[in-house]
Structure formats: structure tokens, C-alpha cells
Engineer: 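Would you mind keeping the following structure in view while I ask a few things?
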Number of protein chains: 2
Amino acid sequence: MDPTRSLDLRVDRSSPVPLYFQLSQQLEAAIEHGGLTPGSLLGNEIELAARLGLSRPTVRQAIQSLVDKGLLVRRRGVGTQVVHSQVKRPLELSSLYDDLEAAGQRPATKVLVNTVLPASAAVAVALGVPEGGDVHRVERLRLAHGEPMAYLVNHLPTGLLDLDTEQLEATGLYRLMRSAGITLHSARQSIGARAATAGEAERLKETEGAPLLTMQRTTFDDTGRAVEFGDHIYRPTRYSFEFQLLVRP
Amino acid sequence: MDPTRSLDLRVDRSSPVPLYFQLSQQLEAAIEHGGLTPGSLLGNEIELAARLGLSRPTVRQAIQSLVDKGLLVRRRGVGTQVVHSQVKRPLELSSLYDDLEAAGQRPATKVLVNTVLPASAAVAVALGVPEGGDVHRVERLRLAHGEPMAYLVNHLPTGLLDLDTEQLEATGLYRLMRSAGITLHSARQSIGARAATAGEAERLKETEGAPLLTMQRTTFDDTGRAVEFGDHIYRPTRYSFEFQLLVRP
DNA sequence: AAGTGGTCTAGACCACCCA
DNA sequence: GGGTGGTCTAGACCACTTC
């Protein structure tokens, strides 16, 4: 019992890293690497706090962060248990570029359009800018192994970001935004499907009428400004949306 | 400044509802109803705590829960701000039934198959049960306004739940599971698209080759057991997946 | 320099679960 | 009844932002 006993947990009080974070990282690593097996009960919080020389609230904060990630479950009167695996990561604001890179696909991007033009009505509504005002428009073709995977149309407000075509081909849009100091906060997404038009079919090497996976997304920064509106189509034989959801308690 | 001053916040110490929760509910209601407008800065935590007769950690817990919901943003050295709207709810483990009901569509369900049979290899892997062992299989057609919207195939382990056909037609599977005492914890989803087969087209009143939206989902309870595996197809002209994502800080 | 949130402590009592 | 997590207090010091 109390598998944390054999874990060599320790905190460094001279580190600038918060104590609760040091602890949660070590517990997460132990869960990842098998030191804490699924289903096992952690020892109680008070004893754990005493062993580490921490206060109980600090230990609770560490444990709570792992509960929020779905790695641990607490039951009153019972204890804290490691979730029976299969749970990996909750959904993040995913970037196709990052997804492909994580899958070892070495994505390539062709920037087809990179311009500034007047906002259409739909774009103006999505971004919260005046209709007819200037917005960036970027059209990109994303390829993996030389095969087209997705056709990405994005609109962005002007003045937020330099949209350099070379950078757009070297990385993803989200990384560009983050490195420009934009703090992404939330996004509203809609995923659907429809038949390819003749033009879409040609760009994606599909046939007219072939099923396409579609996504529309508006992304907001932490002040609530819309910073990006995307209208994307994917070849469903090459791409699907995979994600993990946590039920909020 | 400090718009919380005009808000008539109060807590009831005789209530069994936690104080931090009482406070977070009142703040959330104020955000919802316009008492706290987007962008406005809440007064500082210490003063708020003093005004309510609470300790600072309790007030922080209330505020933190709204930060987790994406309604507030904290900035060190600055203060706590109401997010500029447009943010509504983060993604939840959605039930098609609930989604339709929320949209005022009064969904109808036809149970086409409700049986127990040996698990196929794919079902066995998804549910973590032995191949060839007994599992429930449920096939349902979901309709709105008399039009078919989705064809739902679900497999469940036996022994968890009574699957009564009448109840399945009156409500959603998730509600049945919850009322059977199952605590849903997480789900792994995959959303894609493909062309309809002849059989699928007939069931959904589409034509062969028409684009379909597909979802596969495995749902886990809080012990990590797989409690449900679903393989669903949707008519993309009638249904799309809409959701809000929060970026984890 | 002043004000904010971020972290941390050392206690306390309660509600719930299980034997 | 004994042990668990859930809630709560009244302080303290620090890091960061803004002026």
C-alpha cells in the first residue's frame, strides 16, 4: 500500500519552480513510467505532505492538477487512485502542422495566396471587424509525403502579426501567433462534411463529389479578440480528428 | 471601478453549498446577465474576501473555477478580467440526444437492434473484453422532425446496465448510464468522413456515395473501464459537431 | 513604490465511505 | 469508528505589472 513510498519524491525549495508543480510533475512522470500503476491508491494527503515537508494545501494543489488532467480520481472516504490508463491527453487547440509533425510526417506547406483584402460579410462577423475593412487572407495547401492533405483558408485581422510567406511555409500559423506574443485562449469549432466541388477536387487530387471533412474555426486571444478565422477542408482518407474528452465533474 | 461592488454578493453560511461555489455561481450569473461586462476588472481578491467575510483562499477558489471555465482571465500585477464574451461553454461529452433536445428538436429514436452477441475483434479491443465474449449491441436510428439524422451503433459490456428498448427510445444512452450509477470520466473520439454505402444510404435517405460524417467513440468511467463503444454516422446536411475549446495555460 | 495575483503554511471541522 | 477527501481560516512572503 501507498505506492508513493517507493518513489523517491523530493522537492527543491531553492528552485523557482513552485513546489506543487514540482510534485505534480514527479507524480505524472511516475504514472507515465509505471512507478504508479493504474488503479493503485496513493497514500493519504496528510501523510504525503508530512513526508515531503509540505503543507496539505500544497500537496492538494499538486494532486488536483493531475485530477484536472484526468490522470487521477479522488473519492471521498476512499482515497486517490490512478486512472486505469487509456486516458492520454485532453483535447488541445490542435494545429494540423503540429499534428502531422507529431505523427512523424514532416508536413510541407504551399502558400497559394497571402494578401490583404476587404473583409466579406462572413469574415467580418467572425472576426468582429467592419465589413469591407482590411483583413489578411491566406490560402495554403498542406501536404504530407507529397500528397495533398488539406486546403486551408484563413483570415486574420491586420496589425496583429507579420504574415511572412516563408515563415508560413516553415511552420504553422499558431506557432507564428504565439511567437508574436499572442496568448491564445479559446476557439469555437465546427466540424462537418460535404461533397467536393470541381475546384476543390482538383486542388486535393480528389474527384468531384468526393466526401470532404470540413472545419471552421474562430480563435480568440485572452482578451476575447478574434485573432483568426479558418475555413479548412481535409481529405478524409488522409486525416481525421482524434481527441480525448474529459467529463467535468 | 470594481464592478463587483454593485452586485449584492452574499453567501449563506447555513447552506450546505460550499461558500466558494455560492460565490462562483453568483459571479457566473452576473457575467451571464450583464452585471459584469466583458473586459471589466474585478476588484482585488483580498478586498472582495473582506467584503463577503470570507478568507482569500476561498475567494480564490471561486475565481479559479471561473478561470477554468474560460469566463475570467487573471493577470499577475494587473487583476482579474471578464473575458470578452463570445466564449460560451467548453466542450462536453456530448450526447446527440441532448444536443437535439437543446436545439428544441424533440428527437425521436428507433431502436433497430438490441441484442447480446459475441464481441468482434474490433469491439473486444475497444472495450477491453475477450474476443467472442458477450457484449450488448444496440443499433438506433435518430430522427428529428421525422427525418433521419444519424445511424448509431453501440457496443457495451454486459452486466453494467439494463438496456431496455423502451427507455432507449425515450432518452439517450448517456442518461441511461448515468442513472445506472456509472460515472463517466473521459472519452476518446475520432471524427471523420466517408462516402455512404448503399445500405447506409437507404437507412438515412441519402444516395449511395453521398458524404457522411462519422464518429467513433470509446467512453470510460472513472475507474478506467471502457463502458461504451460507439460507431456513428451522421447526415452532414443535418448535423455537424460544434464545440468550444479552451487552451490550457 | 504601490498594487495585483501566485504561492505557501499550520492548523481546523465536516461529509462520506467502509469495515 | 477510523480514515479519507472537501472545505475553510488568517495570516505570510514573493513575482510581476504599472506608474
Side-chain angles (χ1 to χ4, degrees), chain A residues 1-5 10-25 27 39-68 71-83 181 183 222-223 248-249, chain B residues 1-5 11-25 27 39-68 71-83 181 183 222-223 249:
Chain A
M1 52 212 63
D2 192 356
T4 59
R5 238 171 229 288
R10 59 183 64 190
V11 293
D12 173 7
R13 303 194 85 101
S14 70
S15 160
V17 178
L19 301 176
Y20 79 88
F21 192 74
Q22 293 184 35
L23 177 55
S24 72
Q25 277 186 315
L27 291 175
S40 61
L41 255 79
L42 272 58
N44 75 56
E45 305 171 347
I46 294 165
E47 201 255 352
L48 185 55
R51 215 163 72 241
L52 289 166
L54 296 172
S55 69
R56 186 186 169 201
T58 302
V59 170
R60 275 185 67 78
Q61 195 175 356
I63 291 176
Q64 187 59 45
S65 72
L66 298 182
V67 172
D68 291 342
L71 297 174
L72 296 177
V73 184
R74 289 209 246 225
R75 296 165 196 274
R76 204 198 303 230
V78 178
T80 303
Q81 271 182 305
V82 180
V83 164
T183 307
D222 57 0
T223 70
R248 351 143 111 299
Chain B
M1 50 213 67
D2 191 357
T4 59
R5 239 171 228 289
V11 293
D12 174 7
R13 304 196 82 101
S14 69
S15 159
V17 177
L19 301 177
Y20 79 89
F21 193 74
Q22 293 184 35
L23 177 53
S24 73
Q25 277 187 316
L27 291 176
S40 61
L41 255 78
L42 272 59
N44 74 57
E45 305 170 347
I46 293 162
E47 201 256 352
L48 185 55
R51 215 164 69 241
L52 289 165
L54 297 173
S55 69
R56 188 184 167 203
T58 301
V59 170
R60 276 184 66 78
Q61 194 175 358
I63 292 177
Q64 186 59 46
S65 73
L66 298 181
V67 171
D68 291 343
L71 297 173
L72 297 177
V73 183
R74 290 210 246 225
R75 298 164 195 272
R76 204 200 301 230
V78 179
T80 304
Q81 270 182 305
V82 181
V83 164
T183 308
D222 58 359
T223 70

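It should be emphasised that the depicted structure is a prediction, and the values quoted were computed from it without experimental measurement. Every chain is numbered from 1, with letters handed out A, B, ... down the list of sequences.
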Engineer: Quickly work out the B:D12 CG to D:dC8 P distance and round it to whole Å.
Structural biologist: 12 Å
Engineer: Do the non-hydrogen side-chain atoms of B:R51 and B:L48 ever get within less than 4.5 Å of each other?
Structural biologist: yes
Engineer: May I have the distance from B:I46 (atom CD1) to C:dG5 (atom P), rounded to whole angstrom?
Structural biologist: 8 Å
Engineer: What is the separation between atom CG on B:L42 and atom C1' on C:dG3, rounded to the nearest whole Å?
Structural biologist: 16 Å
Engineer: Classify the nucleic acid contact of B:L19 as base, sugar-phosphate or nothing, counting any heavy atom under 4.0 Å across all strands shown.
Structural biologist: sugar-phosphate
Engineer: Can you tell if the side chain of A:V82 reaches within under 4.5 Å of the side chain of A:L72, non-hydrogen atoms only?
Structural biologist: yes
Engineer: Flag the pair B:L54 / B:R13 as yes when at least one side-chain heavy-atom distance between them is below 4.5 Å, and no otherwise.
Structural biologist: yes
Engineer: Please report, rounded to the nearest Å, how far the P atom of C:dG3 is from the CD atom of B:E45.
Structural biologist: 16 Å
Engineer: Compare side-chain N and O positions of B:R74 against OP1 and OP2 of D:dA15 and report whether any pair is under 4.0 Å apart.
Structural biologist: no
Engineer: Looking only at side-chain N and O atoms, does B:R13 come under 4.0 Å of OP1 or OP2 in D:dT9?
Structural biologist: yes
Engineer: Using only side-chain N and O atoms of A:T80, determine if any of them is under 4.0 Å from OP1 or OP2 of D:dT4.
Structural biologist: no
Engineer: Can you check whether B:N44 has a side-chain N or O nearer than 4.0 Å to OP1 or OP2 of C:dT4?
Structural biologist: yes
Engineer: When you get a sec, tell me which of C:dC18, D:dC16, D:dG6 is the closest nucleotide to the side chain of A:V78?
Structural biologist: C:dC18
Engineer: What is the distance, rounded to the nearest whole Å, between atom CD of B:Q81 and atom C1' of D:dT17?
Structural biologist: 13 Å
Engineer: Taking atom P of C:dT7 as reference, at what distance in whole Å does atom CZ of B:R76 sit?
Structural biologist: 7 Å
Engineer: Side-chain contact, heavy-atom cut-off 4.5 Å: B:L41 with B:T80?
Structural biologist: no
Engineer: Rounding to a whole Å, what distance do you find between A:L52:CG and C:dT9:C1'?
Structural biologist: 15 Å
Engineer: Could you tell me whether a side-chain N or O of B:Q22 sits under 3.5 Å from a main-chain N or O of B:V17, the two making a donor and an acceptor?
Structural biologist: yes
Engineer: Using a strict heavy-atom distance below 4.0 Å, which residues from residues 53-63 of chain A are in contact with DNA chain D?
Structural biologist: A:R56, A:R60
Engineer: Can you tell me the distance, in whole Å, between the CG atom of A:L41 and the C1' atom of D:dG3?
Structural biologist: 12 Å
Engineer: Could you measure the distance from the CG atom of A:L71 to the CG atom of A:L27? Nearest 0.5 Å is fine.
Structural biologist: 10.0 Å
Engineer: What's the separation between atom CD in B:Q64 and atom OG in B:S24, rounded to the nearest 0.5 Å?
Structural biologist: 11.5 Å
Engineer: When you measure from the side-chain N and O atoms of A:Y20 to the phosphate of C:dT7, is any distance below 4.0 Å, counting only OP1 and OP2?
Structural biologist: yes
